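Notes for the one structure printed next.
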Protein chains: 2
Amino acid sequence: MPRNRRISESTVRRLSIYYRLLSGLEKEGAPTVSSRELAEKEKLTPAQVRKDLSFFGSFGTRGLGYPVRELREKIARILGLNRTWNVAVVGAGNIGSALVSYKEFQKQGFLIKLIFDNDQRKIGSSHKGIPVSDVSHLADELKAHHIDIVVIAVPGPAAQGVAEEAVSAGVRAILNFAPVSLKIPASVSLRNENMSMELEQLSYFLVGGNG
Amino acid sequence: MPRNRRISESTVRRLSIYYRLLSGLEKEGAPTVSSRELAEKEKLTPAQVRKDLSFFGSFGTRGLGYPVRELREKIARILGLNRTWNVAVVGAGNIGSALVSYKEFQKQGFLIKLIFDNDQRKIGSSHKGIPVSDVSHLADELKAHHIDIVVIAVPGPAAQGVAEEAVSAGVRAILNFAPVSLKIPASVSLRNENMSMELEQLSYFLVGGNG
DNA sequence: CTTATTATGTGAATGCGTTCACAAGAACGT
DNA sequence: ACGTTCTTGTGAACGCATTCACATAATAAG
């Protein structure tokens with residue numbers, strides 16, 4: 001059990017995958033699963049799966065595999081999914097609105113508590129029972145509602161300002177949908193979801209990787 | 001100029017980043033840019049930038065840097081952004097609708113030509129001038145409209161079926177928003193955009209990487 | 001024309017994630 | 001009980017991306 005070891009980002013990403021897989025297996029009533037079975041479902045190697053899991057201890061049984069329910073619960077604890085998180089969405093445009101309605105988040109314990117916008121026509125209205133607040137009160141509201149994660153869904157030029165407000169309010173995790181690179185302290189965790197970039201990767205593949 | 005060389009996925013991802021940066025610099029009228037300047041804007045190393053660009057030739061001038069306009073155009077050709085692509089969105093729910101309204105795609109030359117759904121109440125209506133078609137005619141319509149890229153924005157359980165239809169219609173690139181792992185031939189390029197997973201990564205960071 | 005400065009391009013070194021390979025352990029049938 | 005089969009856990013080998021370091025070259029100033 002190599003504790004104290006730094007876990008690579010790729011390993012954490014795959015933990016999410018294992019979690020989803022294990023949730024499905026648990027519903028099906030499977031008592032155990034082998035690294036080979038997990039690997040086949042996701043086009044990984046069995047060694048990769050075992051190595052990933054071994055970073056957090058050894059919960060497998062040789063000759064049998066891993067206990068589905070226990071492993072899922074263990075990964076939930078590692079990923080912090082055995083609790084709820086308070087989320088705020090900034091930007092009530094197309095993407096922001098879609099995120100608020102996206103039911104997967106609630107299911108996983110990510111509770112959207114606040115929505116912000118700068119459009120007076122939107123402020124005061126509500127999406128799915130969550131009122132749209134004025135973005136000019138961003139920092140105060142984030143603090144008052146103990147928001148853990150801020151989702152930025154505003155136009156590119158506005159994103160950096162929102163990020164800085166969020167950081168100043170003590171937020172330590174940001175999910176950014178704006179197509180810009182945010183400058184924030186290293187102590188804040190940032191993930192970018194840039195859909196144009198994803199399409200560009202596909203485009204590169206389609207033209208065969210050259211010009 | 002190390003041609004014939006396989007370009008790593010990370011390099012291609014960064015090309016998208018350089019492209020965005022260069023577009024901005026071009027608007028500002030900057031004639032040239034150094035690897036150091038590019039690196040500083042994105043928290044990369046200058047060596048990384050130079051190595052990435054060197055895979056496609058050497059367009060820099062020692063002592064001066066890279067010509068902004070030429071480099072942007074070169075990267076556009078490499079990524080296949082000097083043309084348009086026909087895109088279809090499957091699923092007219094929250095995410096699908098948001099994508100159709102997302103203006104960045106059109107700007108980059110990704111033209112959404114078709115939207116599909118299985119809900120009779122939605123079929124026939126239109127989003128942003130694009131009519132919603134019946135998903136039961138998926139393959140035929142994809143072929144008829146020469147769709148290059150299919151965006152899957154349907155509930156998890158329906159995603160695999162949609163992917164298979166798309167592949168059977170000759171589609172070679174898929175952007176998947178459904179939280180499942182799609183099984184498709186290796187000859188088809190697939191990118192996953194799983195927003196729950198992004199939040200889970202943030203959650204892992206917030207709990208400090210242990211349970 | 002010469003010197004100082006800046007910045008590219010790239011082989012070599014480094015670091016890190018993935019895969020290999022195998023010893024060790026557990027279950028199951030005979 | 002014993003051998004066969006299955007599967008984990010992990011050190012070692014491997015491969016690939018990143019970083020280093022420097023020769024090379026262009027500009028600018030005096």
Side-chain angles (χ1 to χ4, degrees), chain A residues 1-18 21-22 25 30-72 74-75 78 201 204 209, chain B residues 1-18 21-22 25 30-72 74-75 78 201 204 209:
Chain A
M1 166 159 57
R3 246 355 134 89
N4 289 351
R5 189 99 149 257
R6 204 198 142 268
I7 307 300
S8 82
E9 204 166 321
S10 346
T11 293
V12 179
R13 204 182 57 241
R14 284 190 297 269
L15 284 187
S16 281
I17 294 175
Y18 303 146
L21 247 37
L22 289 162
L25 287 166
T32 60
V33 64
S34 68
S35 59
R36 184 179 45 74
E37 291 173 280
L38 286 173
E40 279 168 3
K41 286 178 190 284
E42 295 287 338
K43 247 186 258 177
L44 302 168
T45 65
Q48 177 88 83
V49 175
R50 294 199 299 275
K51 182 74 81 177
D52 284 338
L53 297 178
S54 77
F55 287 131
F56 302 96
S58 52
F59 355 89
T61 305
R62 292 170 192 229
L64 190 59
Y66 299 90
V68 169
R69 182 185 165 78
E70 281 180 43
L71 183 56
R72 187 193 61 72
K74 177 73 179 174
I75 293 179
I78 294 169
Q201 306 301 296
Y204 172 80
Chain B
M1 166 159 58
R3 245 357 133 86
N4 289 352
R5 188 96 151 258
R6 205 199 142 265
I7 308 300
S8 81
E9 204 167 319
S10 345
T11 293
V12 179
R13 204 182 56 241
R14 284 189 298 268
L15 284 187
S16 281
I17 294 175
Y18 303 146
L21 248 37
L22 289 163
L25 287 166
T32 60
V33 64
S34 69
S35 59
R36 184 179 45 74
E37 291 174 279
L38 286 174
E40 279 169 3
K41 285 178 190 285
E42 295 288 337
K43 245 185 260 179
L44 302 169
T45 65
Q48 177 87 83
V49 175
R50 294 199 299 276
K51 182 76 81 177
D52 284 338
L53 298 179
S54 77
F55 287 132
F56 301 95
S58 52
F59 356 88
T61 304
R62 293 171 192 226
L64 190 61
Y66 299 90
V68 169
R69 182 185 165 76
E70 281 180 43
L71 184 57
R72 188 193 60 71
K74 177 74 179 173
I75 293 179
I78 294 169
Q201 306 301 297
Y204 172 81

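Everything numeric in this text was worked out from a predicted model, so none of it was measured. Sequence lines set the chain letters: A, B, ... in the order given, protein chains first and strands last, and positions in each chain run from 1.
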Worksheet item: Of all heavy-atom pairs between A:I7 and A:F55, which one has the smallest distance, and what is that distance?
Response: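 Shortest heavy-atom separation between A:I7 and A:F55 comes out as CD1-CB, 3.5 Å.
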
Practice prompt. Please name the pair of heavy atoms, one in A:V12 and one in B:Q201, separated by the smallest distance, quoted to 0.1 Å.
Written response: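 Closest approach of A:V12 to B:Q201, heavy atoms only: CG1-OE1, 3.2 Å.
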
Beyond-backbone contact of [X] with [Y], side-chain heavy atoms, under 4.5 angstrom:
{"X": "A:Y66", "Y": "A:T61", "result": "no"}
{"X": "B:L25", "Y": "B:L38", "result": "yes"}
{"X": "A:L53", "Y": "A:Y18", "result": "yes"}
{"X": "A:F56", "Y": "A:I75", "result": "no"}

Worksheet item: What is the distance from NZ of B:K43 to C1' of D:dT19, rounded to the nearest Å?
Response: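 Those two atoms, NZ and C1', are 18 Å apart.
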
Side-chain donor-acceptor pairs under 3.5 Å in residues 39-50 of chain A, sequence neighbours left out?
from	atom 1	to	atom 2	distance (Å)
A:E42	OE1	B:S181	OG	3.2
A:T45	OG1	A:Q48	N	3.1
A:R50	NH1	A:S35	OG	3.2

Detail all sub-3.5 Å separations between protein N/O atoms and N/O atoms belonging to nucleotides 5-7 of chain C.
from	atom 1	to	atom 2	distance (Å)
C:dA7	O4'	B:G63	N	3.0

Worksheet entry | Where at least one partner belongs to residues 54-69 of chain A, residue pairs that pass salt bridge (Lys or Arg N to Asp or Glu O under 4.0 Å), sequence neighbours excluded | A:E26-A:R69, A:R69-A:E73

Discussion item. Let's see if you can work this out: which of D:dG9, C:dT19, D:dC20 has an atom nearest to the side-chain heavy atoms of A:S58?
Written reply: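 Of D:dG9, C:dT19, D:dC20, D:dG9 is nearest to the side chain of A:S58.
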
Worksheet item: Just by distance, do the side chain of A:E70 and the backbone of A:P67 share a donor-acceptor pair under 3.5 Å?
Response: no

Worksheet entry | Partner residues of A:S8 under the side-chain hydrogen bond (donor to acceptor under 3.5 Å, both in side chains) criterion, sequence neighbours left out | A:T11

All N/O pairs under 3.5 Å across the protein-nucleotides 15-18 of chain C interface:
from	atom 1	to	atom 2	distance (Å)
C:dT18	OP1	A:R14	NH1	3.0
C:dT18	OP2	A:R14	NH2	2.7
C:dT18	OP2	A:Q48	NE2	3.3
C:dT18	O5'	A:Q48	OE1	3.4

Practice prompt. Work out how much the helix from C:dC1-D:dG30 to C:dT30-D:dA1 bends between its end axes, five pairs an end, to the nearest 10 degrees.
Written response: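 Overall, the helix from C:dC1-D:dG30 to C:dT30-D:dA1 bends by 10° from one end axis to the other.
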
